[in-house]
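A short worksheet on the structure shown next.
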Amino acid sequence: MHITVLTGAGISAESGLATFRASDGLWEQHRIEDVATPEAFARDPDLVHGFYNARRTRAAAAHPNPAHRALVELARHHDLTLVTQNVDELHERAGSSDVIHMHGSLRRALCAACEHRWDAPAAMSATDPCPRCNKPATRPDIVWFGEMPYHMERIWQALEAADIFAAIGTSGNVYPAAGFAQHAGRMGAECLEFNLDDSANARDFDRRIHGPASATVPEWVN
Ligand code: BV8
């Protein structure tokens, strides 16, 4: 049986990492337009690097929770494709391999001039020279609004091959990820939503399991 899983900020909430749209969410402190668009980076690279440097520090100090570990267990028994909107490395640190980071990763830096990618230092600044072209054009390797998410071809294939599609801890507000359940469902997958409450695209799911992921996901897997 092929299972395709999409995770969002909610799976890392119990590891202490802020989600985006909760009352204390990341976006409450910053308008999305101010920190997660190419225009924002062009306008104020230091503000954007500051936002991501702070998140990189917090993510490095966080630990995987039982929901991350349950997905490692799931991969032992089924053919699993794990897609995450998250830019932390908690799936990898729990033991997952081949995690598809469709919105990029805090762990990587990208050269805006030559597209070279390398492992990000703890704190980055726009004047850091690119190790390959030496231009001061360093940005986080993050997919911002208006940019094409990574690995889409592989993701669409995994949605079409899925017998089960499960979305865990995502509010269903951001596309194309918010359209994955509808696409998988049209191709015959049973769609499950694991969330605290109904997401914006809850109608696309066959079953909605409400509760903290650290409880609901291990219960589903075991
Ligand atoms: C693109 C960067 C095209 C990394 C992010 C109008 C209609 C439709 C689409 C659009 C539109 N206008 C613009 C668009 C496109 C736009 C979009 O969708 N905008 C939205 C706002 C309408 N999308 C894009 O721009 C995307 N690109 O479309 O490109 C294109 C085509 C050709 C060529 C070029 C381009 C790019 C989107 C990626 C943006 N980058 N982040 C970072 O900083 O982290 S998105 C950002 O939100 C996060 O990365 C995250 O991935 C994403 C979604 O957030 P969630 O993960 O869902 O988090 P959230 O807080 O919202 O929800 C958490 C959930 O968990 C909640 O439901 C909560 O209840 C639950 N929860 C909390 N605790 C727990 C829990 N559940 C269980 N247990 C718990 N303990």
Side-chain angles (χ1 to χ4, degrees), residues 5-41 47-56 58-59 62 64-68 70-71 83-91 99-110 120 124 139-153 155-156 166-182 192-202 204-205 208-220:
V5 170
L6 170 73
T7 60
I11 198 170
S12 297
E14 292 166 89
S15 296
L17 295 184
T19 62
F20 290 88
R21 293 166 183 83
S23 55
D24 64 343
L26 280 169
W27 302 124
E28 294 310 306
Q29 291 126 41
H30 300 279
R31 289 180 339 116
I32 287 183
E33 296 70 16
D34 293 344
V35 288
T37 64
E39 296 74 17
F41 186 68
L47 172 74
V48 173
H49 270 305
F51 175 66
Y52 285 101
N53 288 342
R55 289 178 62 198
R56 189 173 300 105
R58 281 197 293 276
N65 66 57
H68 297 103
L71 295 179
V83 184
T84 187
Q85 299 174 93
N86 298 339
V87 292
D88 62 55
E89 297 292 305
L90 293 179
H91 283 304
V99 180
I100 300 176
H101 282 270
M102 65 179 291
H103 289 167
S105 169
L106 288 167
R107 198 177 52 80
R108 301 287 279 168
L110 169 65
M124 256 196 273
R139 57 168 280 182
D141 188 14
I142 296 286
V143 177
W144 286 324
F145 288 93
E147 295 184 324
M148 177 58 88
Y150 292 156
H151 312 296
M152 286 311 299
E153 199 42 53
I155 294 170
W156 292 126
I168 302 171
T170 179
S171 63
N173 281 306
V174 175
Y175 289 82
F180 287 177
Q182 193 176 65
L192 314 178
E193 174 169 79
F194 295 82
N195 214 44
L196 290 183
D197 44 28
D198 275 358
S199 69
N201 60 341
D204 297 337
F205 292 88
R208 303 190 287 269
I209 300 97
H210 289 171
S214 66
T216 58
V217 179
E219 192 178 328
W220 171 55

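Order of listing sets the numbers, starting from 1, for every ligand and every atom in it. The shown structure was predicted, so the numbers you read here are calculated from the model rather than taken from an experiment.
Of the options T84, V174, L6, the smallest heavy-atom separation from atom 37 (C) of ligand 1 is shown by V174. With atom 42 (C) of ligand 1 as the reference point, the heavy atom nearest to it among H210, E147, H103, R55 is part of R55. In this structure, of G169, G8, G211, the residue bringing a heavy atom nearest to atom 63 (C) of ligand 1 is G169.
The proximity of F194 to ligand 1, defined as any non-hydrogen pair under 4.0 Å, does not occur for either the backbone or the side chain. Of all the heavy atoms of Q85, the ones lying under 4.0 Å from any atom of ligand 1 are found in both the backbone and the side chain. With a 4.0 Å cut-off on non-hydrogen atoms, A213 touches ligand 1 through its backbone as well as its side chain. Heavy atoms of I142 found under 4.0 angstrom from ligand 1 belong exclusively to the side chain.
Here L90 contributes atom CG and N65 contributes atom CG; the two are 7.5 Å apart, rounded to the nearest 0.5 Å. In this structure, OG in S15 is found 14.0 Å from CZ in R58, a value given to the nearest 0.5 Å.
Residue G172 has no N or O atom closer than 3.5 Å to an N or O atom of ligand 1. Any N or O atom pair closer than 3.5 Å counts here, and Y175 shares at least one such pair with ligand 1. Of the N or O atoms in G146, one or more lie within a sub-3.5 Å distance of an N or O in ligand 1.
Contact analysis puts P212 in contact with ligand 1, with a non-hydrogen atom separation below 4.0 angstrom.
Heavy-atom proximity to F145, at under 4.0 Å, picks out these atoms of ligand 1: 16 (C), 19 (N), 21 (C), 25 (O), 39 (C), 45 (S). Listed by number with element, the atoms of ligand 1 under 4.0 Å from a non-hydrogen atom of Y52 are 42 (C), 43 (O). Interface atoms of ligand 1 facing W144, defined by a heavy-atom separation under 4.0 Å, are 36 (C), 39 (C). Close approach of ligand 1 to D197 is summarised as follows: ligand atoms under 4.0 Å from at least one heavy atom of the residue are 69 (O). For ligand 1, the atoms lying closer than 4.0 Å to a non-hydrogen atom of E14 are 78 (N), 79 (C), 80 (N). The atoms of ligand 1 that sit less than 4.0 Å from any heavy atom of N173 are 20 (C), 22 (C).
Taking all atoms of both residues into account, the shortest heavy-atom contact from A215 to P218 is O-CD, 3.5 Å. The minimum heavy-atom distance between D88 and A59, with the atom names listed, is CB-CB, 4.1 Å.
Below 30°, between 30° and 60°, or above 60°: for F41 and H49 the angle between ring planes is above 60°, a perpendicular geometry. Between W156 and F180, the two ring planes are perpendicular [angle over 60°; tilted spans 30° to 60°]. Between H68 and H91, the two ring planes are perpendicular [angle over 60°; tilted spans 30° to 60°].
Under 4.0 Å is where a charged nitrogen must lie from a carboxylate oxygen, and between E147 and R139 at least one such pair does.
Between H103 and Y150, the distance separating the two ring centers is not shorter than 6.0 angstrom.
Distance alone, capped at 3.5 Å, places no donor-acceptor pair between the R108 side chain and the D141 backbone.
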